[in-house]
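Written below as structure tokens is the structure these notes are about.
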Number of protein chains: 2
Amino acid sequence: MKELEERILQDGIIINNEILKIDSFINHQIDVNLLNDISKYIAQNFSDINKILTIETSGIAFAIGVSQQFGNVPVVFAKKSASKIVDLNNVYTSKVHSFTKNTNNIICVDKRFLSKNDKILIVDDFLAEGNASLGLIDLCEQAGAEIKGVAIVVEKRFQGGRTKIEQKGIKVLSCASIDHFENGTIVFSKD
Amino acid sequence: MKELEERILQDGIIINNEILKIDSFINHQIDVNLLNDISKYIAQNFSDINKILTIETSGIAFAIGVSQQFGNVPVVFAKKSASKIVDLNNVYTSKVHSFTKNTNNIICVDKRFLSKNDKILIVDDFLAEGNASLGLIDLCEQAGAEIKGVAIVVEKRFQGGRTKIEQKGIKVLSCASIDHFENGTIVFSKD
């Protein structure tokens, strides 16, 4: 998505040739015009969706935008819990490693909000090693929900998350895909 | 807002005559049709806004909806950080006590995203003791930003948060205001 790539080049900040900071328009301050355009782009690439699944925190904003493009289908966000889960009988859980924070989290969704009748689009702001997305996929599989795809705002292709998801037969769409960083500049994927 | 009150009566769950669980439509699964209606209701009650400020996590969804009603003004969400702030020179911080979790958090916003040119509407899902809202107000005051008001999805009037905010001369709007719980049922405020 050309508009997003241009914005990343203009306002993104690369730290240590590895971390891309896009907090002025994606995940601390959010450009809602851009969010609306990203949501439209995502919706053009999927169909027959009746629920959006994301994970707190930064995915929530984009999940709302995408839901609006699919007639305001419900949004469910998985919760991260470093602490105890009160009642394991009522929630689906999965363990997720955070690349940026180097921590393990248990993520969970109440069983009332995922079922075998759901046709899920997973939405998140970042795809790197794929751990958050794989955790969300795991929750859907436990519920027997159908996964229609994974839609990502910014992918860091070189960290391999896409491959792991595609190996499960699940479609991945990213609005901007960074192939690699080169001497402090961004090289986007060609496909 | 009658539609929200009816939904709370229909789907809200009261725990220990104190905690209202509205996770099936507000803060775990989100009813996006209802979110759009809530956002319109909020926007009718404020004007001349150029930025929405909220706090992770559950406020973000509603901040996006409200932004869309004000021509897609930027949304900024304050981050909660139990851990160290990397560089105090670059962020505004405030200490916030969480009523439901009984923990203290430092909340912060990057100084690039709040300034004296901003006309801020603070948006959050819950108002109880008012600590989160007062923390966000504190951040705005440090930045010299103008606070146009505080818009809340569900207020628990009996916990006193509104009074503390109004004493600062700031307008508070809640879409549903719970006066008190009575024998496990909800009594809404009359005004």
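Throughout, a chain's letter reflects where its sequence line sits, starting with A, and its residues are numbered from 1.
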Is it the case that one hydrophobic cluster holds both [X] and [Y], taking links as side-chain heavy atoms less than 4.5 Å apart, direct or via other members?
{"X": "B/I137", "Y": "B/F126", "value": "no"}
{"X": "A/F113", "Y": "B/I8", "value": "no"}
{"X": "A/L134", "Y": "A/L114", "value": "yes"}
{"X": "B/V91", "Y": "A/I22", "value": "no"}
{"X": "B/I152", "Y": "B/I120", "value": "yes"}

Give every residue pair that meets the ring-ring contact (aromatic ring centres under 6.0 Å, His included) criterion with at least one member in residues 148-167 of chain A, sequence neighbours excluded.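 Qualifying pairs, neighbours excluded: A/F158-A/F181.
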
Any heavy-atom pair between the side chains of [Y] and [X] that's under 4.5 Å?
{"X": "A/F25", "Y": "B/P74", "value": "no"}
{"X": "B/T57", "Y": "A/K79", "value": "no"}
{"X": "B/Q29", "Y": "A/V109", "value": "no"}

Does the A/H28 side chain pair with the main chain of B/F77, one donor and one acceptor, at a distance under 3.5 Å?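 Checked: pair present.
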
With sequence neighbours left out, what residues match B/E146 under salt bridge (charged side-chain N to carboxylate O under 4.0 Å, His left out)?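 So B/E146 forms a salt bridge (charged side-chain N to carboxylate O under 4.0 Å, His left out) with B/K148.
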
Just checking heavy atoms, which of residues 32-52 of chain A are less than 4.5 Å from chain B?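 Within residues 32-52 of chain A, near chain B: A/V32, A/N33, A/L35, A/N36, A/K51.
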
Do any of residues 60-67 of chain A come closer than 4.5 Å to chain B, heavy atom to heavy atom, and if so which ones, in number order?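 Interface residues of residues 60-67 of chain A: A/I60, A/A61, A/I64, A/S67.
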
Within a reach of under 6.0 Å around NZ of B/K171, are more than 12 heavy atoms found that belong to other residues, nucleotides or ligands?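 Yes, because the 6.0 Å sphere around NZ of B/K171 holds more than 12 heavy atoms from other groups.
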
Taking atom NZ of A/K111 as the centre, does the number of heavy atoms from other residues, nucleotides or ligands within less than 6.0 Å exceed 12?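 Buried by this count: over 12 neighbours within 6.0 Å.
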
Checking heavy atoms, do the side chain of A/V73, its backbone, both or neither come under 4.5 Å from chain B?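 A/V73 touches chain B through backbone heavy atoms alone.
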
Chain B interface, residue from A/I30, A/N27, A/V76 that has the most non-hydrogen pairs under 4.5 Å: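 When all of A/I30, A/N27, A/V76 are compared, A/I30 has the most.
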
